[in-house]
Participant: 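Sharing a structure here in structure tokens format.
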Amino acid sequence: MLKLRHQVSLQSHNSLAIDELAEHWVTVDTVAELQAALALAAQNDWPVTLLGGGSNLLLCGPVPGLVIGLALRGRRLLQRSNAEALIEAEAGENWHQLVNWTLDLGLAGLENLSLIPGTVGAAPVQNIGAYGVELEQCLDSLDAFDRAEGRVVSLQAAECQFAYRDSLFKRSPGRYVILRVRMRLWPQAVAPLHIDYAPLARAWRATGLTRPDARVVSELVCQIRRSRLPDPAVLPNAGSFFHNPIVSASQAQRLLEQYPAMAHYPQADGRVKLAAGWLIDQAGWKGYRAGPVGVHAEQALVLVNHGGAKGRDILHLASQIQADIRQRYGLTLHIEPQQVGTAQP
Ligand code: EPU
């Protein structure tokens with residue numbers, strides 16, 4: 001039985017803590033409830049917005065129609081051998097709790113993705129990545145409700161069109177509702193650990209340990225994140241607000257001639273990923289504050305809500321930064337969080 005509510009504040013459902021109303025709201029715990037909620041929206045001609053943890057969301061105004069909070073829970077070990085393991089988790093599980101559960105099982109693979117806010121179901125949408133690892137490296141397959149076909153489909157990782165902060169689910173917005181995700185992990189003893197990312201490599205060396213240990217890597221990642229990224233519960237934010245731009249080798253070369261210290265990461269396809277945080281920081285925005293919004297003092301890629309900000313305040317600051325970066329470096333920064341709601345003048 002669906003518990004439909006009306007004019008519900010979304011403030012506690014988005015990590016930027018923006019206070020906007022959902023016209024109608026329902027939480028779904030099962031696939032059957034999800035189907036009932038989608039049918040109800042179709043009968044009433046309500047647009048549908050799907051919400052996981054709300055950690056990559058920018059509310060630009062009230063949200064018309066039905067907002068569906070995805071709360072499917074459960075996680076299980078499907079297979080385990082001396083060489084590998086397969087786990088499955090439902091979309092509404094908390095991502096970081098899942099990472100800890102796999103580490104408790106002695107399984108490695110997700111440790112670099114520790115402490116990323118949000119839910120399991122949201123992870124494939126933007127192919128979450130941190131400290132040298134992206135979800136696609138562990139993702140085996142997932143089940144999703146395909147709204148175009150009206151049925152549950154299983155997709156292998158290769159079908160999900162993963163790229164940097166991108167996937168099939170971003171390219172076909174609204175079509176798929178991710179229900180559960182399966183990940184291929186490794187028993188700790190045979191795990192290929194990734195400790196090359198410079199700050200992580202430094203922290204690892206400082207431990208003096210010689211044998212890689214996924215639990216220690218997880219703890220180091222948590223320490224690094226806590227030192228640079230604000231806790232949304234204390235200072236509301238949506239993590240990185242812009243994508244890191246990926247440019248041609250020749251454009252990167254031109255910029256490096258002008259800015260030899262510029263952070264840059266050559267990609268497998270020959271292009272070069274630049275650090276938007278470095279560019280914004282060099283442009284002098286770090287720690288900037290304008291009324292209720294600002295740029296985080298430790299990480300220029302993170303915009304924060306100091307209290308009472310609306311989506312338009314955040315977007316105004318974002319567009320000032322985008323214009324400055326365009327003018328200084330000739331680069332376009334793309335906003336990362338999904339923008340939802342009817343923009344208010
Ligand atoms: N930098 C600065 N000043 C800043 C911020 C960064 O000079 O204010 C420099 C750093 O010193 C470093 C480089 O820029 O040389 C990259 O910085 P960092 O390692 O902090 O990573 P990032 O590129 O800013 C990305 C992800 C993060 C992820 C980290 C670690 C994106 C958009 N963001 O940030 O993901 O945690 O790498 O892997 O790709 C998120 O998506 O919400 C997120 C936090």
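No hydrogens, no waters, no symmetry mates; every other heavy atom, side chains included, goes into these values. For ligands, and for the atoms within them, numbers begin at 1 and follow the listed sequence.
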Participant: Among all protein non-hydrogen atoms, which one is nearest to atom 7 (O) of ligand 1, and what is the separation to 0.1 Å?
Facilitator: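 The protein heavy atom lying closest is W278 CD1, 3.3 Å.
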Participant: Is R175 salt-bridged to D146, cutoff N-O under 4.0 Å?
Facilitator: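 Here R175 pairs with D146 in a salt bridge, since their nearest N and O are under 4.0 Å apart.
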Participant: Nearest to atom 12 (C) of ligand 1, what protein heavy atom do you find, and at what distance?
Facilitator: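 Sorting protein heavy atoms by distance from atom 12 (C) of ligand 1 puts Y265 OH, 3.8 Å first.
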Participant: Give me the atom names and distance for the closest heavy-atom approach of S114 to V221.
Facilitator: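 Looking at all heavy atoms of both residues, the closest pair is O-CG1, 3.9 Å.
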Participant: For K273, enumerate each residue passing the side-chain contact (heavy atoms from CB on, under 4.5 Å) test, keeping only those at least two apart in sequence or located in another chain.
Facilitator: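 Result, side-chain contact (heavy atoms from CB on, under 4.5 Å) vs K273: Y164, N244, I246, Y265, Q267.
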Participant: Would you say R165 touches ligand 1, if touching means a heavy atom closer than 4.0 Å?
Facilitator: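 Within the 4.0 Å threshold, so yes.
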Participant: Is there a polar contact between ligand 1 and E336, counting only N or O atoms under 3.5 Å apart?
Facilitator: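 Among all N and O atoms of E336, at least one is under 3.5 Å from an N or O of ligand 1.
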Participant: Considering only heavy atoms, which of S240, G287, P199 lies nearest to atom 40 (C) of ligand 1?
Facilitator: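 Going through S240, G287, P199 one by one, S240 has the nearest heavy atom to atom 40 (C) of ligand 1.
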Participant: May I ask you to identify the nearest protein heavy atom to atom 38 (O) of ligand 1, giving residue, atom name and distance to one decimal place in Å?
Facilitator: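 Checking every protein heavy atom, the shortest distance to atom 38 (O) of ligand 1 gives Y131 N, 2.6 Å.
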Participant: Please confirm whether F241 comes under 4.0 Å of ligand 1, counting heavy atoms of the residue only.
Facilitator: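 The answer is no, since F241 has no heavy atom less than 4.0 Å from ligand 1.
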Participant: Please list the nearest protein heavy atom to atom 25 (C) of ligand 1 with its residue and the distance rounded to 0.1 Å.
Facilitator: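 Closest protein heavy atom to atom 25 (C) of ligand 1: N244 ND2, 4.0 Å.
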Participant: Looking at atom 3 (N) of ligand 1, what's its closest protein heavy atom, distance included?
Facilitator: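 Looking at atom 3 (N) of ligand 1, the protein heavy atom closest to it is D281 OD2, 2.7 Å.
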Participant: Hey, what do you get for CZ (R80) to CG (L105), rounding to the nearest 0.5 Å?
Facilitator: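 Here the interatomic distance stands at 6.0 Å.
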Participant: Starting from atom 10 (C) of ligand 1, what is the nearest protein heavy atom, named by residue and atom, and what distance separates them?
Facilitator: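 Here the nearest protein heavy atom works out to R228 NH1, 4.0 Å.
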Participant: Given P337, A276, A300, which has its nearest heavy atom closest to atom 8 (O) of ligand 1?
Facilitator: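 Nearest heavy atom to atom 8 (O) of ligand 1 lies in A300.
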Participant: Residues in side-chain contact (heavy atoms from CB on, under 4.5 Å) with H296, at least two apart?
Facilitator: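 Checked H296 against side-chain contact (heavy atoms from CB on, under 4.5 Å); matches are P230, L235, E298, Q299, V302, V304.
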Participant: At a 4.0 Å cut-off, with the gap strictly under it, does some heavy atom of R225 reach an atom of ligand 1?
Facilitator: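 Flag set, R225 near ligand 1.
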Participant: Name the closest protein heavy atom to atom 18 (P) of ligand 1, giving the residue it belongs to and the distance to 0.1 Å.
Facilitator: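 The closest heavy atom on the protein side is Y197 OH, 3.6 Å.
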